[in-house]
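See structure below.
One is the number of the first residue; the rest follow in order along the sequence. Note that these values count all heavy atoms, side chains included, but never hydrogens, waters or copies made by symmetry.
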Amino acid sequence: MAGKLINCTHRHCVFTIPEELRSYFLEDRTRLDCLFNAACSVVHQLFHKVNKTKNFTPGFICVLHTFGRPLEWNPHIHCLISEGGFSDDGFWRKVKHFDYTYLRYAFRTALLNELESCIGPSFKKVKAQMYRVHDKGFYVYAKPTLTDPKKVTEYIGRYLGRPVIATKRIDRYDTENDTVTFHYNRHEDDVYVEETIPTMEFIERLIQHIPEKNFKMIRYYGLYARHRAIDQKLYRVRSAEKQRVFMSFSRWRASILLSFGYDPLKCPD
(Lines give C-alpha, C1' and ligand atoms only; values in the text may rest on other atoms or scores of the structure.)
Protein backbone atom coordinates (compact mmCIF):
# COMPACT_ATOMS: atom_id res chain seq x y z
CA MET A 1 0.00 0.00 0.00
CA ALA A 2 2.88 2.36 0.76
CA GLY A 3 4.04 2.07 -2.85
CA LYS A 4 0.62 3.03 -4.16
CA LEU A 5 0.15 6.13 -2.01
CA ILE A 6 0.67 9.62 -3.34
CA ASN A 7 3.49 11.31 -1.45
CA CYS A 8 1.34 13.95 0.22
CA THR A 9 -0.82 14.51 3.29
CA HIS A 10 -4.21 12.84 3.48
CA ARG A 11 -7.52 13.65 5.14
CA HIS A 12 -9.79 11.04 6.68
CA CYS A 13 -13.52 11.76 6.26
CA VAL A 14 -16.47 9.69 7.42
CA PHE A 15 -19.75 9.96 5.50
CA THR A 16 -22.69 8.89 7.67
CA ILE A 17 -26.42 8.50 7.08
CA PRO A 18 -29.48 9.14 9.31
CA GLU A 19 -30.94 6.23 11.23
CA GLU A 20 -34.17 6.49 9.22
CA LEU A 21 -32.37 5.40 6.03
CA ARG A 22 -30.45 2.41 7.38
CA SER A 23 -33.22 -0.13 6.78
CA TYR A 24 -33.23 0.62 3.04
CA PHE A 25 -29.68 -0.73 2.79
CA LEU A 26 -30.39 -3.75 4.97
CA GLU A 27 -33.44 -4.94 3.04
CA ASP A 28 -31.55 -4.62 -0.28
CA ARG A 29 -27.76 -4.69 0.06
CA THR A 30 -27.19 -3.77 -3.58
CA ARG A 31 -28.19 -0.25 -2.53
CA LEU A 32 -24.88 -0.01 -0.64
CA ASP A 33 -23.42 0.94 -4.02
CA CYS A 34 -25.35 4.19 -3.63
CA LEU A 35 -23.17 5.10 -0.63
CA PHE A 36 -20.00 4.66 -2.67
CA ASN A 37 -21.41 6.55 -5.64
CA ALA A 38 -22.57 9.46 -3.50
CA ALA A 39 -19.25 9.80 -1.63
CA CYS A 40 -17.32 9.60 -4.91
CA SER A 41 -19.36 12.30 -6.62
CA VAL A 42 -19.12 14.62 -3.61
CA VAL A 43 -15.31 14.40 -3.39
CA HIS A 44 -14.98 15.01 -7.12
CA GLN A 45 -17.33 18.01 -6.86
CA LEU A 46 -15.29 19.41 -3.96
CA PHE A 47 -12.11 19.41 -6.03
CA HIS A 48 -13.90 20.55 -9.17
CA LYS A 49 -14.85 23.74 -7.33
CA VAL A 50 -11.15 24.58 -6.81
CA ASN A 51 -10.60 25.22 -10.51
CA LYS A 52 -13.15 23.98 -13.04
CA THR A 53 -10.92 24.44 -16.11
CA LYS A 54 -7.90 22.58 -14.69
CA ASN A 55 -9.94 19.51 -13.67
CA PHE A 56 -7.99 18.73 -10.50
CA THR A 57 -8.35 15.06 -9.57
CA PRO A 58 -7.55 13.76 -6.06
CA GLY A 59 -6.69 10.23 -5.06
CA PHE A 60 -9.05 8.70 -2.54
CA ILE A 61 -9.92 5.31 -1.07
CA CYS A 62 -13.39 4.45 0.24
CA VAL A 63 -14.04 1.69 2.76
CA LEU A 64 -17.55 0.58 3.71
CA HIS A 65 -18.34 -0.23 7.34
CA THR A 66 -21.81 -1.52 8.10
CA PHE A 67 -21.45 -1.68 11.88
CA GLY A 68 -21.38 0.66 14.83
CA ARG A 69 -19.84 0.03 18.24
CA PRO A 70 -22.96 -1.72 19.66
CA LEU A 71 -22.79 -4.01 16.54
CA GLU A 72 -26.00 -2.52 15.13
CA TRP A 73 -26.59 -2.06 11.40
CA ASN A 74 -25.07 1.34 10.63
CA PRO A 75 -23.61 1.62 7.11
CA HIS A 76 -21.15 4.48 6.55
CA ILE A 77 -18.14 5.28 4.39
CA HIS A 78 -14.59 5.91 5.58
CA CYS A 79 -12.79 7.94 2.94
CA LEU A 80 -9.06 8.72 2.83
CA ILE A 81 -8.49 11.71 0.53
CA SER A 82 -5.26 13.24 -0.74
CA GLU A 83 -4.91 16.90 0.26
CA GLY A 84 -4.35 17.96 -3.29
CA GLY A 85 -5.31 17.24 -6.88
CA PHE A 86 -3.45 16.59 -10.13
CA SER A 87 -4.60 18.44 -13.25
CA ASP A 88 -4.80 16.96 -16.73
CA ASP A 89 -1.80 19.07 -17.79
CA GLY A 90 0.41 17.76 -14.97
CA PHE A 91 0.05 20.44 -12.29
CA TRP A 92 -0.32 19.50 -8.62
CA ARG A 93 -2.34 21.81 -6.41
CA LYS A 94 -2.51 21.49 -2.64
CA VAL A 95 -5.96 21.63 -1.09
CA LYS A 96 -5.91 22.30 2.64
CA HIS A 97 -9.42 23.64 3.17
CA PHE A 98 -12.27 21.14 3.12
CA ASP A 99 -15.67 22.83 3.25
CA TYR A 100 -17.58 20.51 5.58
CA THR A 101 -20.79 22.48 5.32
CA TYR A 102 -20.68 21.87 1.58
CA LEU A 103 -19.83 18.19 2.12
CA ARG A 104 -22.84 17.68 4.40
CA TYR A 105 -25.29 19.28 1.98
CA ALA A 106 -23.74 17.73 -1.11
CA PHE A 107 -23.65 14.23 0.38
CA ARG A 108 -27.30 14.47 1.44
CA THR A 109 -28.35 15.50 -2.07
CA ALA A 110 -26.17 12.96 -3.84
CA LEU A 111 -27.28 10.03 -1.68
CA LEU A 112 -30.98 10.86 -1.82
CA ASN A 113 -30.79 11.19 -5.61
CA GLU A 114 -28.99 7.85 -5.83
CA LEU A 115 -31.62 6.14 -3.68
CA GLU A 116 -34.49 7.66 -5.66
CA SER A 117 -33.04 6.42 -8.94
CA CYS A 118 -32.53 2.99 -7.36
CA ILE A 119 -35.85 2.62 -5.52
CA GLY A 120 -38.12 4.63 -7.79
CA PRO A 121 -40.91 7.23 -7.38
CA SER A 122 -42.08 5.64 -4.11
CA PHE A 123 -38.99 7.10 -2.43
CA LYS A 124 -39.92 10.74 -3.21
CA LYS A 125 -41.97 11.17 -0.04
CA VAL A 126 -39.08 9.91 2.13
CA LYS A 127 -36.68 12.11 0.21
CA ALA A 128 -38.73 15.22 0.93
CA GLN A 129 -38.95 14.25 4.59
CA MET A 130 -35.13 13.88 4.78
CA TYR A 131 -34.69 17.41 3.47
CA ARG A 132 -37.07 18.74 6.15
CA VAL A 133 -35.76 16.76 9.11
CA HIS A 134 -32.06 17.00 8.21
CA ASP A 135 -32.01 20.57 7.00
CA LYS A 136 -28.28 20.89 7.78
CA GLY A 137 -27.33 17.91 5.66
CA PHE A 138 -26.00 14.49 6.63
CA TYR A 139 -23.21 14.36 9.15
CA VAL A 140 -19.68 14.26 7.69
CA TYR A 141 -16.85 13.84 10.19
CA ALA A 142 -13.18 14.64 9.51
CA LYS A 143 -10.19 13.30 11.40
CA PRO A 144 -6.96 15.30 11.76
CA THR A 145 -4.61 15.48 8.78
CA LEU A 146 -2.33 12.48 8.27
CA THR A 147 1.08 13.80 7.19
CA ASP A 148 3.45 10.87 7.69
CA PRO A 149 3.19 8.21 4.93
CA LYS A 150 3.82 5.51 7.54
CA LYS A 151 0.88 6.75 9.62
CA VAL A 152 -1.27 6.85 6.48
CA THR A 153 -0.50 3.21 5.65
CA GLU A 154 -1.15 2.16 9.25
CA TYR A 155 -4.43 4.05 9.19
CA ILE A 156 -5.47 2.36 5.96
CA GLY A 157 -4.51 -1.05 7.32
CA ARG A 158 -6.53 -0.46 10.45
CA TYR A 159 -9.71 0.31 8.53
CA LEU A 160 -9.23 -2.23 5.74
CA GLY A 161 -8.81 -5.15 8.11
CA ARG A 162 -11.02 -4.04 10.94
CA PRO A 163 -13.40 -6.75 12.24
CA VAL A 164 -16.93 -6.08 13.42
CA ILE A 165 -15.77 -6.48 17.03
CA ALA A 166 -12.31 -6.99 18.50
CA THR A 167 -11.92 -10.02 20.77
CA LYS A 168 -10.73 -7.79 23.61
CA ARG A 169 -14.18 -6.20 23.68
CA ILE A 170 -15.85 -9.57 24.35
CA ASP A 171 -15.71 -9.89 28.12
CA ARG A 172 -17.31 -13.24 28.87
CA TYR A 173 -19.62 -16.02 27.75
CA ASP A 174 -22.06 -17.31 30.34
CA THR A 175 -22.71 -20.98 29.52
CA GLU A 176 -25.39 -21.32 32.18
CA ASN A 177 -27.55 -18.45 30.92
CA ASP A 178 -26.26 -18.67 27.33
CA THR A 179 -25.38 -14.98 27.12
CA VAL A 180 -22.47 -12.93 25.82
CA THR A 181 -21.18 -9.78 27.51
CA PHE A 182 -19.22 -7.18 25.58
CA HIS A 183 -18.37 -3.52 26.05
CA TYR A 184 -17.78 -0.36 24.02
CA ASN A 185 -17.35 3.36 24.49
CA ARG A 186 -20.43 5.16 23.22
CA HIS A 187 -19.53 7.27 20.21
CA GLU A 188 -21.65 10.27 21.19
CA ASP A 189 -20.12 10.95 24.61
CA ASP A 190 -17.39 8.29 25.02
CA VAL A 191 -19.26 6.77 27.98
CA TYR A 192 -18.29 3.16 28.80
CA VAL A 193 -21.19 0.77 28.12
CA GLU A 194 -21.38 -2.93 29.00
CA GLU A 195 -24.05 -4.98 27.28
CA THR A 196 -25.21 -8.56 27.95
CA ILE A 197 -27.37 -10.23 25.32
CA PRO A 198 -28.44 -13.79 24.39
CA THR A 199 -25.86 -15.71 22.39
CA MET A 200 -28.06 -16.10 19.32
CA GLU A 201 -28.76 -12.36 19.25
CA PHE A 202 -25.02 -11.72 19.47
CA ILE A 203 -24.44 -14.04 16.51
CA GLU A 204 -27.27 -12.38 14.56
CA ARG A 205 -25.71 -8.97 15.10
CA LEU A 206 -22.40 -10.27 13.78
CA ILE A 207 -23.54 -12.20 10.71
CA GLN A 208 -25.68 -9.36 9.37
CA HIS A 209 -22.41 -7.61 8.51
CA ILE A 210 -21.06 -10.41 6.32
CA PRO A 211 -20.88 -8.88 2.81
CA GLU A 212 -22.45 -10.46 -0.22
CA LYS A 213 -20.20 -12.63 -2.37
CA ASN A 214 -17.95 -10.56 -4.68
CA PHE A 215 -19.13 -7.28 -3.15
CA LYS A 216 -16.23 -4.81 -3.02
CA MET A 217 -15.97 -3.26 0.43
CA ILE A 218 -12.87 -1.26 -0.56
CA ARG A 219 -12.89 0.93 -3.68
CA TYR A 220 -10.31 3.20 -5.26
CA TYR A 221 -11.14 6.45 -7.03
CA GLY A 222 -9.48 9.34 -8.81
CA LEU A 223 -5.71 9.03 -9.06
CA TYR A 224 -5.79 5.70 -7.23
CA ALA A 225 -8.08 4.21 -9.85
CA ARG A 226 -6.24 5.28 -13.00
CA HIS A 227 -2.87 4.31 -14.47
CA ARG A 228 -1.64 7.20 -16.57
CA ALA A 229 2.05 7.66 -17.28
CA ILE A 230 1.83 11.31 -16.22
CA ASP A 231 0.71 10.23 -12.72
CA GLN A 232 3.72 8.03 -12.00
CA LYS A 233 5.88 10.79 -10.54
CA LEU A 234 3.38 11.17 -7.67
CA TYR A 235 3.87 7.63 -6.36
CA ARG A 236 7.25 7.96 -4.69
CA VAL A 237 6.62 7.17 -1.05
CA ARG A 238 8.86 4.11 -1.43
CA SER A 239 11.63 3.54 -4.00
CA ALA A 240 11.00 1.02 -6.76
CA GLU A 241 13.65 -1.40 -5.46
CA LYS A 242 12.40 -1.25 -1.89
CA GLN A 243 8.88 -1.71 -3.17
CA ARG A 244 9.88 -4.83 -5.09
CA VAL A 245 11.47 -6.39 -1.98
CA PHE A 246 8.59 -5.23 0.21
CA MET A 247 6.02 -6.81 -2.10
CA SER A 248 7.95 -10.09 -2.20
CA PHE A 249 7.41 -10.51 1.54
CA SER A 250 3.68 -10.09 1.14
CA ARG A 251 3.49 -13.25 -0.96
CA TRP A 252 2.49 -16.13 1.27
CA ARG A 253 4.62 -18.68 -0.58
CA ALA A 254 7.80 -16.64 -0.22
CA SER A 255 7.00 -15.85 3.41
CA ILE A 256 6.69 -19.53 4.35
CA LEU A 257 9.87 -20.36 2.45
CA LEU A 258 11.83 -17.63 4.23
CA SER A 259 10.40 -18.39 7.68
CA PHE A 260 10.33 -22.19 7.72
CA GLY A 261 12.75 -23.20 4.97
CA TYR A 262 10.42 -25.17 2.72
CA ASP A 263 8.29 -24.50 -0.35
CA PRO A 264 4.61 -25.11 0.50
CA LEU A 265 3.80 -25.77 -3.16
CA LYS A 266 6.53 -28.37 -3.66
CA CYS A 267 5.57 -31.97 -2.89
CA PRO A 268 8.00 -33.74 -0.54
CA ASP A 269 10.00 -36.60 -2.04
Side-chain angles (χ1 to χ4, degrees), residues 11-50 52 57-81 98-143 159-160 162 164 187-188 204-222 224-226:
R11 186 75 60 94
H12 177 204
C13 294
V14 184
F15 294 89
T16 68
I17 64 172
E19 189 173 350
E20 303 95 307
L21 293 179
R22 295 176 187 174
S23 60
Y24 288 95
F25 298 96
L26 184 59
E27 65 187 25
D28 185 351
R29 292 171 184 256
T30 62
R31 294 170 185 165
L32 291 169
D33 285 330
C34 296
L35 281 171
F36 282 105
N37 296 338
C40 175
S41 66
V42 167
V43 174
H44 277 300
Q45 289 172 36
L46 181 70
F47 279 78
H48 184 63
K49 287 174 59 181
V50 173
K52 297 180 181 179
T57 303
F60 56 107
I61 304 168
C62 290
V63 183
L64 173 67
H65 282 179
T66 58
F67 51 88
R69 293 178 183 179
L71 309 182
E72 86 284 18
W73 177 259
N74 179 18
H76 55 281
I77 296 285
H78 290 267
C79 189
L80 195 68
I81 312 169
F98 281 50
D99 187 344
Y100 297 112
T101 301
Y102 170 80
L103 287 175
R104 288 195 298 269
Y105 284 114
F107 182 62
R108 179 191 62 182
T109 300
L111 181 59
L112 291 176
N113 287 342
E114 286 281 342
L115 286 173
E116 183 181 6
S117 63
C118 182
I119 297 173
S122 61
F123 186 72
K124 286 187 175 181
K125 185 176 180 179
V126 178
K127 181 180 178 181
Q129 182 184 11
M130 289 297 100
Y131 277 112
R132 289 195 305 269
V133 176
H134 302 280
D135 56 342
K136 294 183 179 179
F138 293 165
Y139 184 61
V140 178
Y141 178 68
K143 293 254 179 160
Y159 279 97
L160 297 193
R162 186 176 182 180
V164 177
H187 190 273
E188 296 83 1
E204 287 174 1
R205 290 197 197 183
L206 291 180
I207 64 176
Q208 69 178 334
H209 303 294
I210 298 175
E212 303 299 312
K213 187 176 181 180
N214 298 323
F215 183 83
K216 304 300 181 186
M217 302 286 283
I218 306 161
R219 305 188 188 185
Y220 300 84
Y221 298 97
Y224 290 137
R226 71 188 195 187

> How would you list, by chain and number, every residue that makes a ring pair (Phe, Tyr, Trp, His ring centres under 6.0 Å) with Phe60, sequence neighbours excluded?
Replying inline: His44, Tyr221
Tabulate below the donor-acceptor pairs under 3.5 Å that side-chain atoms of residues 107-130 make, not counting sequence neighbours, or state none.
residue, atom, partner, partner atom, Å
Arg108, NH1, His134, O, 2.8
Thr109, OG1, Tyr105, O, 3.1
Asn113, OD1, Lys127, NZ, 2.7
Asn113, ND2, Thr109, O, 3.2
Glu116, OE1, Lys127, NZ, 2.7
Ser117, OG, Asn113, O, 3.3
Ser117, OG, Glu114, O, 2.7

> So do Tyr102 and Lys49 actually touch side chain to side chain, heavy atoms under 4.5 Å?
Replying inline: yes
>> If the condition is side-chain contact (heavy atoms from CB on, under 4.5 Å), which residues does Glu212 pass it with, not counting sequence neighbours?
In response: Arg29, Phe215
> Should Asp33 and Arg219 count as an ion pair when the cut-off is N to O under 4.0 Å?
Replying inline: yes
> How many angstroms lie between atom CD of Gln45 and atom CG of Leu103, to the nearest 0.5 angstrom?
Replying inline: 9.5 Å
> Quick one: are Pro75 and Leu35 in side-chain contact, heavy atoms under 4.5 Å?
Replying inline: yes
> Does the side chain of Val14 reach to within under 4.5 Å of the side chain of Tyr139, using non-hydrogen atoms?
Replying inline: no
>> Does Glu27, at its CD atom, have more than 12 non-hydrogen atoms belonging to other residues, nucleotides or ligands within less than 6.0 Å?
In response: yes
> So, Thr16 and His76: side-chain donor and acceptor under 3.5 Å apart, yes or no?
Replying inline: no
> Say you draw a straight line from CZ of Phe25 to CD1 of Ile17; how long is it, rounded to the nearest 0.5 Å?
Replying inline: 4.5 Å
>> Determine whether Ile218 and Ile61 satisfy the following criterion, side chain to side chain contact (heavy atoms under 4.5 Å, CB included), listing intermediate values before the conclusion.
In response: CA-CA 7 Å; Ile218 306 161; Ile61 304 168; 4.0 Å; yes
> Ile77 versus Val63: any side-chain heavy-atom pair under 4.5 Å?
Replying inline: no
> Side-chain contact, heavy-atom cut-off 4.5 Å: Trp73 with His209?
Replying inline: yes
